[in-house]
Number of protein chains: 2
Amino acid sequence: MTLTRLGSGSMPTVTLDDVARAAGVSRSTASRAINGGRKVSPEAQRAVDDAVAMLGYSPNPAARTLVTRRTGSIALVVPEPDARILSDPFLAGLLRGVSDGLTGTDLQLVLLISRQGERPGRTARYLRGGHVDGAIVASHHEQDHLDDQLADAALPVVFVGRPLSDSGLHYVDADNVAGGAIAARRLLERGCRRIGTVTGPMTMPGGLDRLAGWEQEMTRAGRATDAVTHGDFTVEGGARATVELVEAHPDLDGIFVASDLMALGAMQVLTERGVRVPEDIAVMGYDNLGVAERTTPRLTTVYNPLVEMVAAATATLLDMVDGAPAPAGPQVLSPYLVEGGTA
Amino acid sequence: MTLTRLGSGSMPTVTLDDVARAAGVSRSTASRAINGGRKVSPEAQRAVDDAVAMLGYSPNPAARTLVTRRTGSIALVVPEPDARILSDPFLAGLLRGVSDGLTGTDLQLVLLISRQGERPGRTARYLRGGHVDGAIVASHHEQDHLDDQLADAALPVVFVGRPLSDSGLHYVDADNVAGGAIAARRLLERGCRRIGTVTGPMTMPGGLDRLAGWEQEMTRAGRATDAVTHGDFTVEGGARATVELVEAHPDLDGIFVASDLMALGAMQVLTERGVRVPEDIAVMGYDNLGVAERTTPRLTTVYNPLVEMVAAATATLLDMVDGAPAPAGPQVLSPYLVEGGTA
DNA sequence: TTGTACGCGTTATCAT
DNA sequence: ATGATAACGCGTACAA
């Protein structure tokens, strides 16, 4: 007897029943053999395995989900795709993190990118709708209230980066305050006499915290903290804020720029103006997520352990999905200095 | 009567039956009201709407999928995460493309990143398993035989980039031959007397085609095409290949580097060696996917219309999912020159 | 160890 | 327009 493979015509969906019949056992036995394989005789097991191979059987995920209440997938939520998110190593870092965290599992990744102009609440509805077993939410903006919308959800959720409204949600974060301090310290130890900073958006925890850390360290060293301008985590924004900064404070000989992308912009405008980096002005960046490596000279920067954060978040999420209680406090990872030639 | 919201306890899964009961109609009517709303009286519609809102009802996707045979999601397959894929604007471009193509739809995106060390065929099995309604496959390497594995599948699939084994699959591509020619032409018109090229991997269609285009144009202009070295689409590889190239051909005054990342490496080593760009040697890049914008001077390059390709692929896929036949031939988009200061 | 029977939540068919 | 009722494909108590 020959097996006829139907060409492009829709395959006649081989079901568990077919497998059972072909193996000469009942559906239950076939099911057990296919899953754990517990409580099934070697012969039955073999018969089922053969039938599966023969028929090219693949369990229907929907049916399985319907009864097990497990979808086998988790969501990565990337809200508000502003310039920073979609154009940068940031996104790649996120994906590497969850990808790392998912190795060994059979879970798949559903990527939720909030498209602008879509009805608010759509993402939250999707997440609560039972499409996924859990979610990790990255870098949310202030305006979207995903944290509130998810606060009372049954769905396991882990945030990457401290949510603005601390509603008891679990999250993993990097110690951006410490990072800002590291940057300041480097410039101080380097002997800079007058140090300024270009911050990130004051609406984002990361921007705020890095500034706070810088101020702390500067103050501790008895330095002024008045040379501050604000950027938006983009190259152009960094360039603009740097021009502002140096024009307002011509005596600067060291700048902490709160992201590598902005630092890139800073280096460009400084170079254009004939300012030598680091001889005239030392520049510290932040992130080390693929940009700092590519400047000349290589940017001295602070590593923002994004991949590790996301991997940790994923690991935690997996535990929660498996029924483990959410960890008591947040996990906080430490940034560290990455040597370069600009500070 | 007050609605009691259960706190963290797992919500008692409100089903369509509950809605129907609360609305005083049958399940069928409730279902119709919730979906198209066809053949349902205004009163019934209102009653159902109210009940839905009241109960916070959300249809069970698994149950729905089970009967409709639609999952409401498509997969983006990113095989073989080598250096190029995960660390670069390439991935961001892919995601922007599908994201663009998905606007207006209720489809979600499942990201399939082949993790190395996983059983081969896993991805193909997943795709054939009915988890998604369709798939777009990007930038596959030679070694994974996803194209073969998917050739006879019932699942709608669109490739981004020409598959190596042309098995009648549908794909959308960029005209890399034309792109290579554009790069060559620019260098020729600029007055370069001796032109070389750093290619991409000779195992990838893009690498091969860009070289072919360059050779075509050079030959047409009566120039030699012997100054060729091979890179791997990475910064380091580009730097290495460039050194090789200029050492073997000291008379070069123009180089076409087949990717911006490699061009970045090229500019770095050239600068280190005291070679001025573009005065001594003009440099043409390729891609314009986020790297060229950030070099100083800005790289002159050829735009590889990745986002448009993926968006087109997604659009085609959506049609196919909706039952439309696969287009006859491949869609091919055209690259174009992007001005910069290096050539 | 194996099989029987039921339930998961929805949509689709077909009378009414 | 509405309402029974039958699938959809699978896991799993429970009984044997």
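Here is the naming used below: chain letters follow the sequence lines, and residue numbers restart at 1 for every chain.
Judged as a ring pair (Phe, Tyr, Trp, His ring centres under 6.0 Å), not a single pair has a partner in residues 33-72 of chain B (not counting sequence neighbours).
The CG atom of A:L111 sits 7.0 Å away from the CG atom of A:L91 when rounded to the nearest 0.5 Å.
Within a 6.0 Å radius of CZ in A:R125, other residues, nucleotides and ligands contribute more than 12 heavy atoms. Enclosure of atom CZ in B:R46 is not indicated, since only 12 or fewer non-hydrogen atoms of other residues, nucleotides or ligands lie within 6.0 angstrom.
A:L95 has its side chain within reach of B:L95: a pair of non-hydrogen atoms, C-beta onward, lies under 4.5 Å apart. The closest side-chain heavy-atom distance from A:T314 to A:L76 is not below 4.5 Å.
Protein chain A contacts DNA chain D over a range whose 5' and 3' limits, counting nucleotides with an atom under 4.0 angstrom from a non-hydrogen atom, are D:dG9 to D:dT12.
Shortest non-hydrogen contact noted between B:P156 and B:D133 is CD-O, 3.4 Å.
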With the sugar-phosphate defined as primed atoms, P, OP1 and OP2, and the base as all remaining atoms, what B/S/- string results for nucleotides 3-12 of chain C, 5' to 3', for protein heavy atoms under 4.0 Å?
-> BBBB-BBBBB
